[in-house]
Amino acid sequence: MKLLPRTLAGAVHSAITSAQSAGALPAFDMPEIDVRPPKRAEQGDYAVSLALGLAKATGMKPLDIANAIAAHLTRPEFIAEVEVIPPGFINFRLDETWLRDQVEAIIAEGDKAFQLDLYAGKRAQVEFVSANPSGPITVGRSRGGVIGDTMARLLQAAGYEVEREYYFNNAGRQMRNVGSSLKIRYLEALGKPVVVPDSGDDTFYQGDYLIEFAHDLIEKVGESWVDSDWHPFKDYAEERMFGWIRASLARVGILHDVYFNENSLYESGAIWKVLEALEAGGYVYRATVPEAADSEEVEEAGDKGEAVWFRSTHLGDDKDRVLVKSSGEPTYTLPDIAYHVNKLERGFDLLVNILGADHGAQYKVVQYGVQALGMDPSKIHVIINQMVRALRDGKEVRMSTRRGVYDTLDDLIEQTSADAVRYMLLARSADSHLNFDLDLAVKRSNENPVYYIRYAHVRCAGIFREAAARGVSDDGADVSLLGAAELGFLRKALELGEVIDAAARFMEPHRIAFYALELANAFHPIFDNVRVMHTEVPPELAKARLRFYRAAQGVFARVLDLMGMSAPDVM
RNA sequence: GCGCUCAUAGCUCAGUGGAUAGAGCAAUGGUCUUCGGAACCAUCGGUCGGGGGUUCGAAUCCCUCUGGGCGCACCA
C-alpha cells in the first residue's frame with residue numbers, strides 16, 4: 001500500500017522543480033509539501049495550499065504560482081483531475097475507475113490490507129504498563145496499557161518490527177511491604193495473634209486479594225511458614241500478582257514480549273558502569289548539597305552525609321539529581337538511566353515509553369543521562385497520558401491499591417466488555433484527562449460507539465450469511481458497476497493508510513479510534529441504500545455490491561484489529 | 001512559586017497555520033424496515049476560557065491573565 005498524499009507531494013515537488021527550470025517560477029527554498037484531504041468534498045479528495053505561502057519568496061501572486069505548478073505537474077495514475085482555485089489552492093480528484101479497482105486491491109491484501117513499509121528494516125520497542133507486582137492493574141494503568149499496545153500495533157502497521165516490553169522492580173520497598181502484609185494476613189488466617197494495621201499505616205497493603213492469597217498459601221504450605229520472614233511471602237505474592245496482571249492484560253489483548261527486571265541492572269553491574277561513565281564525562285560530584293545550593297539549603301542539609309550527584313543542570317535541567325544516596329543506595333534515577341542505555345544498546349531505532357502524568361517529569365532526567373553518555377536521546381519518545389477519573393453516579397471513585405479501594409481492569413471488563421474498555425481508553429488524546437463513566441460503560445445502548453463500529457462488521461457478515469443461503473456469489477464481479485455511494489465509502493477507507501502514518505509519526509494512537517467511528521459513519525447509510533439481495537437489484541450489480549461489502553468487511557476487520565478489538569460476525 | 005498539561009456545541013470530545021470550526025451522545029421532528037432498526041434522514045445548537053501580538057490567513061504559533069489536573073524528595 002502506498003500513501004497517496006506522499007506520492008502527490010512528490011509529484012508537486014517535481015512540478016516545482018521543472019517549473020523553475022522552465023523559468024515559470026523563480027528559485028526558492030523548497031517548503032514542506034503538505035498534501036491532505038480538504039474539509040469539504042467539493043474541494044476534491046486532496047489539496048495543497050503551499051502556493052499561498054510562496055507569495056513572499058517568489059514575489060508572485062499565489063494563484064499564478066499554483067497555475068505554474070499545475071501546468072508542470074505529471075498526474076499520478078490515481079488522479080483524474082487537477083484544479084487550481086483562488087486564492088491559490090491546488091485540488092486533486094481521485095480517478096473513479098482507479099478507486100473502484102481498490103476493492104480488488106483491498107481484498108487481495110487480506111489481513112495485511114493497508115500495511116505500510118515506511119520503516120522497513122527498522123526496529124521499535126514500546127515499553128508500557130510496567131507496574132510493579134504489588135497489586136492488580138488499575139483503571140489508570142489500563143489506559144497506558146491500551147495506548148501502548150495500540151501504539152505497538154500502529155507502528156507495526158507503519159512498517160516497524162515491534163517489541164513490547166514490561167519493566168518492573170521486584171526488589172524495592174514496595175514489594176517488601178507486600179511481603180510483610182501477606183505474612184500478616186497469613187498469620188491472621190491461621191488464627192495466630194497478630195495485629196492487622198489499619199488504613200493509617202501506609203506500609204500495609206489493605207487489598208482483599210492478599211487475604212485470598214493467604215488462604216491459598218495455607219492450602220499449599222500449611223503452617224510451615226509461620227517463622228519465615230517476609231521474603232518467601234514476597235516471592236509468593238509476586239508470582240500470584242504477575243499471574244493476575246498478565247491474565248488481566250491478556251483479556252484485553254495485551255501481551256508483552258519481554259519482561260525486564262530492574263534488579264538485573266544491579267546484578268549485572270550495569271548501573272555502576274553507567275555511573276562510572278557519567279563520572280568519566282565530568283557529570284558527577286559528591287556533596288551533601290547540590291552545587292547550586294544556597295546557604296539556607298546547606299544549613300537544612302546539616303550532616304546528612306555525601307550523596308553522589310548528577311550534574312544535569314549542565315544539560316539544561318533545572319536542578320541536579322541524586323544518583324546515589326548518602327546511604328550508598330542508588331535512587332531510581334540511576335537504574336532508569338541504565339535501563340534506557342540498555343535499551344539503546346539493544347539496537348532499537350525507536351523507543352516509545354508510555355508514562356502516566358504522575359511520572360512524566362522523570363523522563364527528562366533520563367534523557368539528560370542518555371545525552372551525557374553520548375547516546376542519542378531523540379530515539380526515545382515518551383507518550384505521557386493524563387489521569388483517568390473513574391466516575392460512578394457522576395462522582396469520582398478514588399483508586400488506591402494500598403487502601404484496598406480500587407477499580408481494576410478486571411472490574412471494567414466485567415462491567416462492560418473487553419472491546420468497550422479498549423475503545424473507551426483509546427478514544428481520547430493522551431494529553432487530555434479521561435473520565436471513565438462506569439455507569440455509561442455498563443449500558444448496552446448506542447450511546448456506546450463500540451457497538452456502532454462493530455455493528456458495521458456484523459452487518460457485512462450478515463450479508464454474506466444471506467448470500468450463502470441464497471447461493472449468491474461475488475466470483476467474477478465487475479466492480480465498474482459500483483455507484484457513488486460505494487465510492488464515498490472507498491474514499492474514506494483509503495484514508496486508513498494516512499491515519500496509520502500520522503498516528504505513527506505523531507505518536508497519537510487515538511487517531512485510529514476516531515477514524516473507526518468516521519468509517520462506521522460512512523458505512524451505515526450505505527448499508528441501507530445499497531442492497532445486495534433486493535429483488536430489484538440485477539444479478540450482476542448484486543455481485544459487484546457483494547464484492548464491495550467483502551472489501552468493506554476487510555477494512556473494518558483491519559481497523560478493529562489495529563485497535564485490539566474483536567471483529568465478530570454476530571453480536 | 002516553578003515545570004508539564006488541559007479549557008472548542010447542553011454533555012463527552014476531535015481538529016498537522018489554510019477554504020464556510022467538526023463528530024458522537026442528548027434534544028426536536030421524520031423514515032417504517034427484503035441482507036440484523038444496536039439503523040437511516042433532517043433540524044436545533046459555537047464571542048474555539050478572557051485579553052494582546054505574529055501572519056496574506058490563527059482553535060492551532062508567541063506573550064499575558066483566569067480556572068482545573070499532574071509533578072516539583074538523598075520515595076518509586
Side-chain angles (χ1 to χ4, degrees), chain A residues 32 34 36 38-40 42-43 47-50 52-53 55-56 62 85-89 91 132 134 169 172-175 262 288-290 301 304-309 318-319 321-333 335-336 356-362 364 384-387 389 427-435 437 440 444-452 454-456 458-467 469-470 472 502 505-506 508 510-511 513-515 517-518 520-521 524-537 542 545-546 549 570-571:
Chain A
E32 199 175 318
D34 196 13
R36 65 179 64 185
K39 282 174 192 160
R40 308 178 67 78
E42 59 268 31
Q43 291 163 346
V48 276
S49 63
L50 88 167
L52 299 175
K56 198 166 278 180
I85 303 287
F89 293 101
N91 296 343
N132 289 338
S134 58
N169 172 19
R173 201 166 58 197
Q174 258 186 54
M175 289 308 296
E262 178 186 324
T288 51
V289 291
K304 223 175 194 177
E306 284 195 334
V308 179
W309 295 80
D318 53 0
K319 65 177 99 166
R321 311 284 168 167
V322 172
L323 295 173
V324 183
K325 299 183 234 172
S326 52
S327 65
E329 209 184 337
T331 62
Y332 57 91
T333 300
D336 257 11
D358 51 346
H359 290 73
Q362 175 61 7
K364 279 187 184 163
I384 292 172
N385 62 274
Q386 298 299 317
M387 304 282 91
R389 288 196 310 159
R428 204 116 309 172
S429 149
D431 285 334
S432 40
H433 297 92
L434 193 154
N435 294 320
D437 187 331
L440 177 68
R444 292 180 60 94
S445 75
N446 59 356
E447 289 170 56
N448 191 340
V450 177
Y451 293 111
Y452 189 72
R454 292 161 94 226
Y455 189 41
V458 167
R459 283 180 130 181
C460 289
I463 296 175
F464 286 99
R465 273 197 303 275
E466 187 64 24
R470 299 198 195 183
V472 178
R505 249 182 318 135
F506 301 120
E508 294 179 343
H510 70 276
R511 287 165 180 270
F514 286 92
Y515 171 76
L517 191 57
E518 287 170 19
N521 227 336
H524 289 295
I526 295 175
F527 180 88
D528 272 1
N529 298 318
V530 181
R531 315 295 294 187
V532 176
M533 262 93 47
H534 195 284
T535 47
E536 287 171 22
V537 177
R545 287 178 172 178
L546 197 56
Y549 281 113
V570 291
M571 65 185 204

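Please read these numbers as outputs of a predicted model, since none were measured by experiment. Throughout, protein chains are lettered first and strands after them, A, B, ... in sequence-line order, and every chain is numbered starting at 1.
- Heavy atoms of A:Arg428 sit under 4.0 angstrom from primed sugar atoms or phosphate atoms, though from no base atom.
- Residue A:Tyr452 places at least one side-chain N or O under 4.0 Å from the OP1 or OP2 atom of B:C40.
- Between the side-chain ring of A:Phe89 and the base of B:G18, no stacking contact exists by the 5.5 Å and 30° definition.
- Side-chain N/O atoms of A:Arg459 include one lying less than 4.0 angstrom from OP1 or OP2 on B:G37.
- Counting non-hydrogen atoms under 4.0 angstrom, A:Val570 reaches a base of the nucleic acid.
- Looking at heavy-atom distances under 4.0 Å, A:Asn385 makes no contact with the nucleic acid at all.
- In this structure, A:Ala307 reaches the bases: a heavy-atom distance under 4.0 Å links it to at least one base atom across the strands shown.
- Backbone-only contact: A:Arg173 has heavy atoms under 4.0 Å from sugar-phosphate atoms and none from a base.
- Counting non-hydrogen atoms under 4.0 angstrom, A:Ser326 reaches a base of the nucleic acid.
- Of all nucleotides present, none satisfies the Watson-Crick or G-U wobble test against B:U55 with each distance under 3.5 Å.
- Using a 4.0 Å heavy-atom distance criterion, A:Asp336 is classed as making no nucleic acid contact.
- Scanning atom types as modelled, no donor and acceptor separated by under 3.5 angstrom connect the side chain of A:Asn529 and the base of B:A39.
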